[in-house]
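None of the values given here were measured: they were computed from a predicted structure.
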Amino acid sequence: MHINRRIQTLDEFTIQQLRDFPHATGELSGLLRDIGLASKRVNVEVNKAGLVDILGDAGSTNIQGEEVKKLDVYANNQLVGVLKHGISCAGIGSEELDDILVFDDEVSTNSKYVCLFDPLDGSTNIDVNVSIGTIFSVYRRVSELGKPATREDFLQAGNRQVAAGYIIYGSSTMLVYATRRGVNGFTLDPSIGEYSLSHPDIKCPPSGKMYSVNHGNFFQYDEPVKRYITACQKKDKTTGGPYTQRYIGSMVADVHRNLIKGGIFMYPGTKDRPMGKLRLLYECNPFAFIVERAGGVATNGKIPILDIKPTELHERTPFFIGSKLMMDELEGYLKEV
Ligand code: AHM
């Protein structure tokens, strides 16, 4: 029988990486496997989202007599379930939950990682068949092993992430994750139900042709941001502008595209919401870690996102992320008074 060894599954890949570190315990690989499993279950439900009229609306009872959960609640429950019953996670923080959830059984209290996630980002796009995603972030605990995880484990600066990743439920389903060793992308092969390495060692192009921002908020942005956006639309020999505007309203899709093709994504503060919309712990930190590992840059307009020391689980931050040279150019505008 011929087995195509050129295709490496997510499990094979993480085990291969473990072999390079003989002292590694395999906990991180276990965590990634658990998240991969939860995402496959979410993927099945996301693909059925258009059948809502047949299967029943959220909150109602479907024809099998089962209660239909909103997809973001379903995704949250799947992630909590696998991580609680796995052997690698001492607790979770979720965009869907007000507070952290600490697992207090013996295995979990001896686990060295905590995980934060946005179970279904861009969920307002589900009804219209636009790509959405799951975003996750992994930290090594700072609290004592053998005892329950504490809030301090979750309120660490992004530069202390051990791993971060996302799953994009798009025209194909992909899991992309980063560790200090680099960024790799895996595409779900529906025929075998496995993620297979499709985008090894992803590097964010230093420049690109696309900028992503909500133009509807233009008059709410600070002057330097407005000037930069206006410059993106002008012909410019140094930048190669005008850039193309692309904004899906689903950050996973927007940043994924820019990571692969080059570009810049912005969610600045507005007059009404000076801290913007996006959450530091669940959305910005994981993407900042991934994009920086791939050679890009992420800031809040003043300092690197990864240097921000969080004080609250659900805090928000202005967010600028993308190709290095485009971010340098933006920084020039933001420095102007
Ligand atoms: P959500 O958590 O309610 O899905 O919101 C997050 C999403 C991001 O994916 C996206 O970049 C942003 O909200 C879009 O917001 P806006 O419609 O204000 O531009």
Side-chain angles (χ1 to χ4, degrees), residues 34-86 89 91-103 114-137 154 164-176 188 190 193 195 214 247-256 267 273 276-287 312-316 319:
D34 292 343
I35 293 170
L37 172 63
S39 75
K40 287 184 215 170
R41 292 179 179 153
V42 175
N43 184 52
V44 170
E45 294 304 308
V46 167
N47 284 331
K48 287 199 295 207
L51 292 171
V52 76
D53 289 342
I54 303 168
L55 299 177
D57 216 341
S60 69
T61 305
N62 69 16
I63 46 172
Q64 281 90 34
E66 302 152 341
E67 194 194 336
V68 181
K69 292 252 186 307
K70 274 182 73 187
L71 259 181
D72 36 15
V73 178
Y74 178 85
N76 184 63
N77 291 348
Q78 288 305 323
L79 282 160
V80 173
V82 292
L83 294 171
K84 185 173 166 56
H85 295 112
C89 186
I92 60 104
S94 165
E95 206 200 57
E96 284 291 319
L97 302 177
D98 290 341
D99 208 350
I100 54 172
L101 188 58
V102 171
F103 305 143
V114 294
C115 191
L116 292 128
F117 48 80
D118 180 353
L120 213 53
D121 182 72
S123 48
T124 49
N125 279 322
I126 296 170
D127 294 352
V128 287
N129 220 343
V130 170
S131 300
I132 49 179
T134 296
I135 312 168
F136 63 92
S137 172
F154 296 87
Y166 60 88
I167 295 99
I168 177 166
Y169 310 102
S171 46
S172 61
T173 298
M174 265 188 88
L175 184 152
V176 176
L188 184 63
Y195 285 107
N214 184 336
Y247 189 71
I248 296 171
S250 201
M251 183 171 63
V252 177
D254 276 316
V255 180
H256 175 72
Y267 205 110
R273 290 165 120 179
K277 174 183 184 185
L278 302 177
R279 318 264 182 152
L280 175 64
L281 293 183
Y282 309 109
E283 293 163 322
C284 305
N285 267 342
F287 269 117
E312 283 174 43
L313 284 172
H314 291 276
E315 77 185 64
R316 299 173 197 267
F319 192 43

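Shown here are the side chain to side chain contact (heavy atoms under 4.5 Å, CB included) partners of Val82, two or more places apart in sequence or in another chain: Asp34, Leu37, Ala38, Arg41. Shown here are the ring pair (Phe, Tyr, Trp, His ring centres under 6.0 Å) partners of His314, two or more places apart in sequence or in another chain: Tyr282. In this structure, the ring pair (Phe, Tyr, Trp, His ring centres under 6.0 Å) partners of Tyr166, at least two apart in sequence or on a different chain, are His256, Phe287.
To the nearest 0.5 Å, atoms CZ (Phe154) and CG (Asp99) are separated by 9.0 Å. Between Asp121 atom CG and Glu283 atom CD the span is 4.5 Å, to the nearest 0.5 Å. Thr134 contributes atom OG1, which lies 10.5 Å from atom CD1 of Ile168 (distance to the nearest 0.5 angstrom). The CD1 atom of Ile167 sits 11.0 Å away from atom NZ of Lys40, with the distance rounded to the nearest 0.5 Å. To the nearest 0.5 angstrom, Ser94 atom OG is 11.5 Å from Leu281 atom CG. Remark: Arg273 CZ to Leu278 CG distance equals 9.0 Å, nearest 0.5 Å.
The heavy-atom pair separating Cys89 from Ile92 by the smallest distance is SG-CG2, 3.9 Å. What you find for Asn76 and Phe117 is that their closest heavy atoms are OD1-CE1, 3.5 Å. Taking all atoms of both residues into account, the shortest heavy-atom contact from Cys115 to Ile35 is SG-CD1, 4.0 Å. The minimum heavy-atom distance between Ile248 and Asn125, with the atom names listed, is O-ND2, 3.8 Å.
Put simply, the side chain of Tyr74 does not reach to within 4.5 Å of the side chain of Leu120, judged on heavy atoms. Between Leu313 and Leu97 there is no side-chain heavy-atom pair separated by less than 4.5 Å. Contact check for Tyr169 versus Asn47: no side-chain heavy atoms found under the 4.5 Å cut-off. A 4.5 Å side-chain heavy-atom check between Asp72 and Pro119 finds every atom pair outside the cut-off. You'll find the side chain of Ile135 reaches within 4.5 Å of the side chain of Met251, heavy atoms only.
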Requested in this report: Report the C-alpha distance between Ile126 and Val46 in whole Å, list the side-chain angles of each, state the deciding distance to 0.1 Å, and finish with yes or no for side-chain contact (heavy atoms from CB on, under 4.5 Å).
Outcome: CA-CA 8 Å; Ile126 296 170; Val46 167; 6.0 Å; no

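Counted by atom type alone, Asn285 and Ser137 present zero donor-acceptor pairs between their side chains at under 3.5 Å. Side-chain polar atoms of Tyr195 and Thr173 form no donor-acceptor pair below 3.5 angstrom.
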